[in-house]
Q: 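There's a structure below that I have some questions on.
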Protein chains: 2
Amino acid sequence: MIQHTPGFGTGWRLQDNLYIWQSRFTFKLQMTSGFEIYLRAHTSLGDAEIEQIVSAGKLRSLERNELLLQEGQVCRHKTFVIKGLLRNFGTTADGSESITHFSPENSWTIDAESYHLQTPTQFSIAAVERSEVLQWNKTEFERLLHEIPALNNFSQKLITQASYGNRNRLFTTLSATPEEKYESFVKSYPDLLARLPLHMIASYLGISLKTLTRIRHSQLHR
Amino acid sequence: MIQHTPGFGTGWRLQDNLYIWQSRFTFKLQMTSGFEIYLRAHTSLGDAEIEQIVSAGKLRSLERNELLLQEGQVCRHKTFVIKGLLRNFGTTADGSESITHFSPENSWTIDAESYHLQTPTQFSIAAVERSEVLQWNKTEFERLLHEIPALNNFSQKLITQASYGNRNRLFTTLSATPEEKYESFVKSYPDLLARLPLHMIASYLGISLKTLTRIRHSQLHR
DNA sequence: ATTAAATATGGTCAAATGACCATGTTTTCG
DNA sequence: CGAAAACATGGTCATTTGACCATATTTAAT
């Protein structure tokens, strides 16, 4: 019997009807190519710098619903999502969850406050789907930022851009009706619509699942 | 008859029962001392650098309800609030306003997206109270950031910290009941409670004025 | 392939919320 | 100081929303 993935990323893999042995090394090479493409598209980083960044990162696989960060922990890594989909969420006193952010492939995820201050977080990050991420711990990443000014610039730009998104999302959350929120979501993230269970979309929009299905129902008859 | 403030900051001013003539210059000196104290408290900037920053800024007075930035305009300045209270808000299609942020004295205000991208904004900034602000236009401020690394660091820190606040506010807006939102506001900003009309607090919390007065009423009997 | 879990939707009903309007009070500004 | 505007609160009522429960369908895991 063929054993799959006895170690992370390592194992027999079915490809073109042949089982091939894949080492950690070739697996990482394969997984990180998307990240390299991403960096080339969004920065002016050179080959050597990209190689340096990639080799400093560690791959991690996440099962569906596996936690990347748990309430009470300190966020110790910057994380880039290579494949899959993660969600950031907080839990209220009564145990219900509110999703503050989704991070699909080719985006970053972090708990910024916990990461920068190295304090325990009130939020969690979990995989919605089986995912592959690339991670750098804080000191490692700060070294990269220091050694590679272009990465530093890019990183600042990401932080700034994230703030635009947060503000716009806050405004929508404050001012829009549930129906408008849903339509805005569909328009902004048509791809996520198909990948997320509705209760997570409801949680993200700050409305109940019931209200969401009502909206969807009423839209059928229009 | 004594004329008050014929030019900005300039004019006869009642002090210790005497009318004294105040020039633009002495007025600015007086107004900016709070900003200097703020900088000393939050940075390690030296006297010369602080002097450089202050002298590059321009004072502006705002009447109650006067707009600092209007929907459709480009945000061209970084603004520090010396005195008074400003609000950032967006307007929905039906004409109602939602307040995204309050900026009291000793804080900054800006429309980050419009400022950084120099694109027209969908949001506005207005004075809640008569206010005094200190402003730097973008090229001027970027020159300062470039020439004064400690200011650059501080600026980055502010942007990052703002993002924590936004995320926490988003979570509360998503997950809390109207009553919890109000209590959280009272706890976080007891001073603002006394300075803001209730309809603005309701707008900030994303609830109706009616709901807010109901909450306050029910809290009296407890 | 089969079983268990997750998901989407619906019904019902009580509670929460907002729209509209009125009124007494407070604040602002000339 | 006095007029006008802004403000805080209350009443009423229609609508929206969510809680709870049930069920059919889809998806996931072994």
Side-chain angles (χ1 to χ4, degrees), chain A residues 1-5 61-66 84-85 87 92 94-99 126-131 173-182 185-186 192-221, chain B residues 1-5 61-66 84-85 87 92-99 126-131 173-183 185-186 192-221:
Chain A
M1 184 56 190
I2 291 165
Q3 280 291 100
H4 282 271
T5 59
S61 292
L62 294 164
E63 299 293 315
R64 203 168 106 94
N65 288 325
E66 189 176 344
L85 175 58
R87 69 183 201 275
T92 57
D94 70 350
S96 68
E97 292 181 1
S98 286
I99 296 175
V128 175
E129 307 168 352
R130 200 176 266 261
S131 303
T173 304
L174 284 175
S175 64
T177 65
E179 182 156 5
E180 289 165 345
K181 290 178 192 179
Y182 176 65
F185 182 85
V186 171
L192 293 189
L193 188 61
R195 295 163 72 179
L196 290 167
L198 288 187
H199 68 86
M200 287 192 190
I201 296 177
S203 168
Y204 180 84
L205 299 179
I207 63 182
S208 71
L209 175 57
K210 178 81 208 199
T211 300
L212 183 52
T213 61
R214 272 200 271 248
I215 289 166
R216 287 162 57 91
H217 178 84
S218 77
Q219 291 191 339
L220 289 179
H221 306 279
Chain B
M1 183 59 190
I2 292 166
Q3 280 291 98
H4 282 271
T5 59
S61 292
L62 294 164
E63 298 293 315
R64 207 168 103 94
N65 288 325
E66 189 176 344
L85 176 58
R87 68 186 203 272
T92 56
D94 70 350
S96 67
E97 291 181 1
S98 286
I99 295 176
V128 175
E129 308 169 351
R130 197 178 269 262
S131 304
T173 304
L174 284 174
S175 64
T177 64
E179 183 155 5
E180 291 165 344
K181 290 178 194 180
Y182 176 66
E183 281 168 1
F185 182 85
V186 172
L192 293 189
L193 187 62
R195 295 164 70 180
L196 289 166
L198 288 188
H199 70 86
M200 287 192 192
I201 296 178
S203 168
Y204 180 84
L205 299 178
I207 63 182
S208 71
L209 174 58
K210 179 81 208 199
T211 300
L212 182 52
T213 61
R214 271 200 272 247
I215 290 167
R216 287 160 58 89
H217 178 84
S218 78
Q219 290 191 339
L220 288 180
H221 308 279

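Every chain is numbered from 1, with letters handed out A, B, ... down the list of sequences.
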Q: For A:Leu198 and C:dT9, what is the distance between atoms CG and C1' respectively, to the nearest whole Å?
A: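 About 10 Å, once rounded to whole Å.
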Q: Could you walk me through whether B:Phe185 and B:Leu196 pass side-chain contact (heavy atoms from CB on, under 4.5 Å), step by step?
A: CA-CA 12 Å; B:Phe185 182 85; B:Leu196 289 166; 4.0 Å; yes
Q: Which residue is it: B:Met200, B:His199, B:Arg87? I am looking for the one with a side-chain contact (heavy atoms from CB on, under 4.5 Å) to B:Glu97.
A: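 Of the listed residues B:Met200, B:His199, B:Arg87, the side-chain contact (heavy atoms from CB on, under 4.5 Å) partner of B:Glu97 is B:Arg87.
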Q: Mind checking the OH-OG1 spacing from A:Tyr182 to A:Thr211? Nearest 0.5 Å is all I need.
A: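 The OH atom of A:Tyr182 sits 13.5 Å away from the OG1 atom of A:Thr211.
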Q: A:Pro178 has a side chain; which of C:dT7, D:dT17, D:dC7 sits nearest to it?
A: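 The nucleotide sitting nearest to the side chain is D:dT17.
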Q: Drop me the distance from B:Asp94's CG to A:Thr177's OG1, to the nearest 0.5 angstrom.
A: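 Answer rounded to 0.5 Å: 9.5 Å.
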Q: Do the side-chain N or O atoms of A:His217 get closer than 4.0 angstrom to the phosphate oxygens (OP1, OP2) of C:dG10?
A: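 Looking at the OP1 and OP2 atoms of C:dG10, one of them is under 4.0 Å from a side-chain N or O of A:His217.
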Q: Rounded to whole Å, how long is the line connecting atom NE2 of A:His199 with atom P of C:dA6?
A: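 Nearest whole value for this atom pair: 9 Å.
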Q: Rounded at 0.5 Å granularity, tell me how far CD in A:Glu180 sits from OG in A:Ser175.
A: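 One gets 7.5 Å once the value is rounded to the nearest 0.5 Å.
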Q: Is there side-chain contact between B:Leu192 and B:Tyr204, with at least one heavy-atom pair below 4.5 Å?
A: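 In short, these two side chains do not touch, never coming nearer than 4.5 Å.
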Q: Let me confirm one number: the CD1-OG1 distance from A:Ile207 to A:Thr173, rounded to the nearest 0.5 Å.
A: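 Spacing of CD1 (A:Ile207) from OG1 (A:Thr173) equals 10.5 Å.
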Q: Can you tabulate the close N/O pairs, meaning under 3.5 Å, that link protein atoms to atoms of nucleotides 22-30 of chain D?
A:
none

Q: In residues 205-214 of chain A, which residues come under 4.0 Å of DNA chain C by heavy atom?
A: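 Residues of residues 205-214 of chain A that come under 4.0 Å of DNA chain C are, in numerical order, A:Leu209, A:Lys210, A:Thr213.
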Q: Does the distance from a Lys or Arg side-chain N to an Asp or Glu carboxylate O, for A:Arg130 and A:Glu63, drop under 4.0 Å?
A: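 Answer for the salt bridge query: yes.
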Q: Kindly compute the distance separating CZ (A:Arg214) from CG (A:Leu209), expressed to the nearest 0.5 Å.
A: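 Answer for the CZ-CG pair, A:Arg214 versus A:Leu209, is 10.5 Å.
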Q: Rounded to the Å, how far apart are B:Leu193 CG and D:dC7 P?
A: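 Roughly 15 Å, once rounded to whole Å.
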Q: How long is the line joining CD of A:Glu180 and P of D:dT17, in whole Å?
A: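 Checked: the CD to P distance equals 11 Å.
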Q: Rounded to whole Å, how long is the line connecting atom CZ of B:Arg195 with atom P of D:dC7?
A: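 Spelled out: CZ on B:Arg195 to P on D:dC7 is 15 Å.
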Q: Atom CD of A:Glu129 and atom P of C:dT7: how far apart are they, to the nearest Å?
A: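 So the two atoms are 12 Å apart, to the nearest Å.
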Q: Quick one: do B:Arg216 and B:Leu198 satisfy side-chain contact (heavy atoms from CB on, under 4.5 Å)? Show the steps, please.
A: CA-CA 10 Å; B:Arg216 287 160 58 89; B:Leu198 288 188; 3.3 Å; yes
Q: Can you measure B:Leu174 atom CG to D:dT17 atom C1' for me and round it to whole angstrom units?
A: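 Nearest whole value for this atom pair: 16 Å.
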Q: Return the value, rounded to whole Å, for the distance between atom CG of B:Asn65 and atom C1' of D:dC7.
A: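 Computing the B:Asn65:CG to D:dC7:C1' distance gives 13 Å.
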Q: The helix from C:dA1-D:dT30 to C:dG30-D:dC1: angle between its terminal axes, five pairs each, to 10°?
A: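 Computed angle between terminal axes is 80°.
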Q: What's the spacing between B:Glu183 CD and B:Leu205 CG if we round to 0.5 Å?
A: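 Rounded to the nearest 0.5 Å, the CD-CG separation comes to 11.5 Å.
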